[in-house]
Amino acid sequence: MAPRTTDPVQGRHAWAMADHFALSLGFLDNGFDFFHPQTYCLNPQFAPEKARKKSTAYWSVFPKSPKGITAVDFPIHAYIVAGLMKLLDTRSPAIYRMYMLLLSLVGLFYLFKTILLATRSFAKGLFVILFVLLAPTYGYYAVGFLPSAAALALLFIAAYHFTNYLKTNRFQSYLFALLLITLAALTRLPFLIYLLGLFCSYGFKAVWQKKGFVKELVGASIGIGAVLLYFVYNKVVLSANYGSNFLNYPLPPTSLKDFSEVLCGTLYYESWRYLTLVHYLFLGLLVVFVLKNRVQISIPQKHQFAIGFLGIVTLGMSCYALLMGRQFVAHDYYILDTFFPILVFWLVSFASWEKKVKLQNRKKQLLLMGVLAFALNRLVFAYGYEARETSPLEKTRRNFENSHEILDSLQVSKHAKMLLLDAYSPNLAFIGMQRSGFCVMQPSSENLQRALSWQYDYIVTQNFSYREKVLQNCPEFEEGTTVYFSNDKFTIHLKK
């Protein structure tokens with residue numbers, strides 16, 4: 001269902017996961033300076049807005065003062081993991097995976113408590129938890145490095161406190177929910193929509209019932225303000241001065257044709273990773289059930305506020321998904337920020353007010369569905385998430401795994417700046433070297449010539465791609481360099 005906690009940074013989207021793991025290592029190296037997060041990559045993917053030479057090409061700008069500092073959503077989870085690594089005196093990625101696993105389990109525990117609170121049904125609670133746990137995309141990233149799964153766990157915990165508030169009217173529970181949703185939104189911006197949903201819901205309720213709901217509106221406003229304040233800092237200070245290794249602008253479809261291609265591409269390439277066929281079969285049967293019983297179905301008045309809130313959030317997430325549409329085609333984890341939690345909350349809501357569904361009478365069918373979902377989960381994981389030894393990304397990871405020991409033996413300074421040519425994942429390679437450096441992701445003649453003019457100490461190439469990607473595009477490379485070290489994986493060069 002998920003990777004092992006002992007696995008290195010590998011598999012699908014190892015590139016992105018390495019970037020986030022590098023943030024934790026960066027906090028260890030920068031003295032835990034929270035407001036200047038850094039990775040090992042010194043030339044950011046997205047150039048600083050104040051760069052001396054404006055360029056739209058990725059990784060093409062040599063920073064004025066290369067430190068690896070990067071704009072990124074509130075990196076609280078990377079910071080906590082760095083603290084744990086410091087405490088345990090280790091730099092192992094297992095600490096990050098263990099942290100994510102424990103946080104995800106806590107999130108699932110509170111989601112289960114939410115369902116019990118809303119339905120008083122152990123069977124319904126267990127069903128929803130298995131629905132979530134057996135979703136391949138969720139299972140993979142719940143033991144990974146991306147903040148999407150961590151933010152989702154905080155949202156599940158918040159759901160319990162918010163449900164408790166709706167039942168007991170204890171304002172303390174509302175404050176807990178606000179705090180957790182705010183933390184989720186700080187770490188993944190789309191979760192801001194839940195805060196906006198709360199503000200709009202209580203705003204509409206105040207107008208409809210001609211009551212103030214001042215405390216609820218003020219609380220939601222403070223949460224929204226906190227997220228926007230960090231967003232401004234991220235853009236005005238970090239992105240403007242240092243650039244970013246993380247996407248920080250919209251990528252909407254540019255036309256109706258583009259939208260249809262994005263939608264079809266997402267369904268074709270990613271939807272089979274989101275959920276198993278059993279999940280989709282269940283959702284299809286649920287839709288049929290609702291359509292057949294639409295006349296008899298009535299939503300109790302006490303649930304109408306929660307339904308309205310979910311409706312507003314669903315609309316907001318749909319707008320966000322449209323803004324980031326082109327990312328969905330190749331980035332499955334975007335579903336964890338958008339429609340996956342919404343789907344789970346709609347299931348919980350449906351289970352709380354629909355009394356006709358008796359899961360206790362469907363034990364054999366549910367057991368069969370669970371076994372099939374597990375088998376399909378393993379199949380999806382094997383074909384959709386496991387690392388491929390022949391992929392350039394996995395070759396890069398293996399080539400530089402523990403390469404810092406070689407560099408140490410060669411007395412290469414810990415502060416040396418490396419220039420990695422044809423880097424399939426810059427931070428993945430630099431993590432192995434335990435050195436910072438510059439990368440050339442697309443080794444065209446122009447990009448190679450530009451990078452070779454930068455200020456660095458050593459040039460690093462990978463043997464499997466050297467002749468095809470470097471030498472072919474820059475035939476004069478060997479004339480201007482000498483080999484300092486070489487093995488069967490990579491070569492270190494010095495500039496003459």
_Against T137, only a single residue in Y274, Y334, Y385 fulfils side-chain hydrogen bond (donor to acceptor under 3.5 Å, both in side chains); can you say which?_
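Running side-chain hydrogen bond (donor to acceptor under 3.5 Å, both in side chains) over Y274, Y334, Y385 with T137 returns exactly one hit, Y385.
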Where is the tightest heavy-atom contact between [X] and [Y], given as atom of each residue plus distance?
X: P8; Y: P93; result: CA-CG, 4.3 Å
X: F246; Y: A71; result: CD1-O, 3.4 Å
X: N377; Y: A135; result: ND2-C, 4.0 Å
X: P44; Y: N245; result: CA-OD1, 3.4 Å
X: P250; Y: M324; result: CA-SD, 3.6 Å
X: P252; Y: D258; result: O-OD2, 4.4 Å

Let me confirm one number: the [atom1]-[atom2] distance from [X] to [Y], rounded to the nearest 0.5 Å.
X: S244; Y: I69; atom1: OG; atom2: CD1; result: 12.5 Å
X: L347; Y: F131; atom1: CG; atom2: CZ; result: 5.5 Å
X: L228; Y: L192; atom1: CG; atom2: CG; result: 6.0 Å
X: L178; Y: I224; atom1: CG; atom2: CD1; result: 9.0 Å
X: H279; Y: L343; atom1: NE2; atom2: CG; result: 9.0 Å
X: H303; Y: S349; atom1: NE2; atom2: OG; result: 7.5 Å

*So among F231, F34, Y79, which one has a ring-ring contact (aromatic ring centres under 6.0 Å, His included) with F74?*
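Filter result, single survivor: F34.
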*Under the criterion ring-ring contact (aromatic ring centres under 6.0 Å, His included), which of F309, F156, F345, F176 is the partner of F162?*
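That would be F309.
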Check: [Y] main-chain N/O paired with [X] side-chain donor or acceptor under 3.5 Å:
X: K211; Y: A206; result: no
X: S221; Y: L217; result: yes
X: N164; Y: Y160; result: no
X: N43; Y: V61; result: no
X: R397; Y: Q10; result: no
X: R273; Y: G384; result: yes

Scan the side chains in residues 232-239 for donor-acceptor partners under 3.5 Å anywhere in the protein, sequence neighbours excluded, and list what turns up.
from, atom 1, to, atom 2, distance (Å)
Y233, OH, F35, O, 2.5
N234, OD1, V72, N, 3.0
N234, ND2, V72, O, 3.2
S239, OG, N248, ND2, 3.4

Looking at side-chain heavy atoms only, is the closest gap between [X] and [Y] below 4.5 Å?
X: F46; Y: W59; result: no
X: T276; Y: P136; result: yes
X: W272; Y: V380; result: yes
X: Y138; Y: L152; result: yes
X: R388; Y: E394; result: no
X: S201; Y: I312; result: yes
X: Y242; Y: T70; result: no
X: V262; Y: T266; result: yes

Over 12 foreign heavy atoms within 6.0 Å of [atom1], [X]:
X: L291; atom1: CG; value: yes
X: F339; atom1: CZ; value: yes
X: F213; atom1: CZ; value: yes
X: F171; atom1: CZ; value: yes

*Could you pull out all residues at least two apart from Y40 that satisfy ring-ring contact (aromatic ring centres under 6.0 Å, His included)?*
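Listed in chain order: nothing, the list is empty.
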*salt bridge (Lys or Arg N to Asp or Glu O under 4.0 Å) against E261, all qualifying residues, sequence neighbours excluded*: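 E261 satisfies salt bridge (Lys or Arg N to Asp or Glu O under 4.0 Å) with no other residue.
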_Any residue meeting salt bridge (Lys or Arg N to Asp or Glu O under 4.0 Å) with R91, in chain and number order, not counting sequence neighbours_ =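 Scan of R91 (salt bridge (Lys or Arg N to Asp or Glu O under 4.0 Å), adjacent residues dropped) gives D29.
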[X]/[Y] ion pair, N-O < 4.0 Å:
X: R398; Y: E389; value: yes
X: E270; Y: R12; value: yes
X: R97; Y: D7; value: no

Taking atom types as modelled and ignoring hydrogens, do the side chains of [X] and [Y] form a donor-acceptor contact shorter than 3.5 angstrom?
X: N169; Y: Y174; value: no
X: H77; Y: Y99; value: yes
X: D73; Y: T187; value: no
X: Y140; Y: E386; value: no

Report all side-chain donor-acceptor pairs from residues 14-26 shorter than 3.5 Å, counting only partners two or more places apart or in another chain.
from, atom 1, to, atom 2, distance (Å)
D19, OD1, N427, ND2, 2.7
S24, OG, A78, O, 2.7

*Yes or no on side-chain contact (heavy atoms from CB on, under 4.5 Å) for D332 and H13, after CA distance, side-chain angles and deciding distance?*
CA-CA 9 Å; D332 54 348; H13 289 300; 3.3 Å; yes
*Which residue pairs satisfy the side-chain hydrogen bond (donor to acceptor under 3.5 Å, both in side chains) criterion with at least one member in residues 304-318, sequence neighbours excluded?*
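For residues 304-318, and leaving out neighbouring residues, the side-chain hydrogen bond (donor to acceptor under 3.5 Å, both in side chains) pairs sorted by first residue read T314-W346.
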_Please evaluate residues Y333 and Y141 with respect to the criterion ring pair (Phe, Tyr, Trp, His ring centres under 6.0 Å), reporting the C-alpha separation (whole Å), side-chain torsions for both, the decisive distance (0.1 Å), and the verdict._
CA-CA 8 Å; Y333 54 86; Y141 293 108; 5.7 Å; yes
_Using the rule given for side-chain contact (heavy atoms from CB on, under 4.5 Å), can you reason through Y280 versus S271, listing the C-alpha separation, both sets of side-chain angles and the distance that settles it, and then say yes or no?_
CA-CA 10 Å; Y280 288 116; S271 62; 3.8 Å; yes
*Apply side-chain contact (heavy atoms from CB on, under 4.5 Å) to L175 and L179, showing your working.*
CA-CA 6 Å; L175 290 179; L179 176 62; over 6 Å; no
*asked:* side-chain contact (heavy atoms from CB on, under 4.5 Å) for F282 and M369? Distances and angles first, verdict last.
replied: CA-CA 9 Å; F282 165 75; M369 287 179 68; 3.8 Å; yes
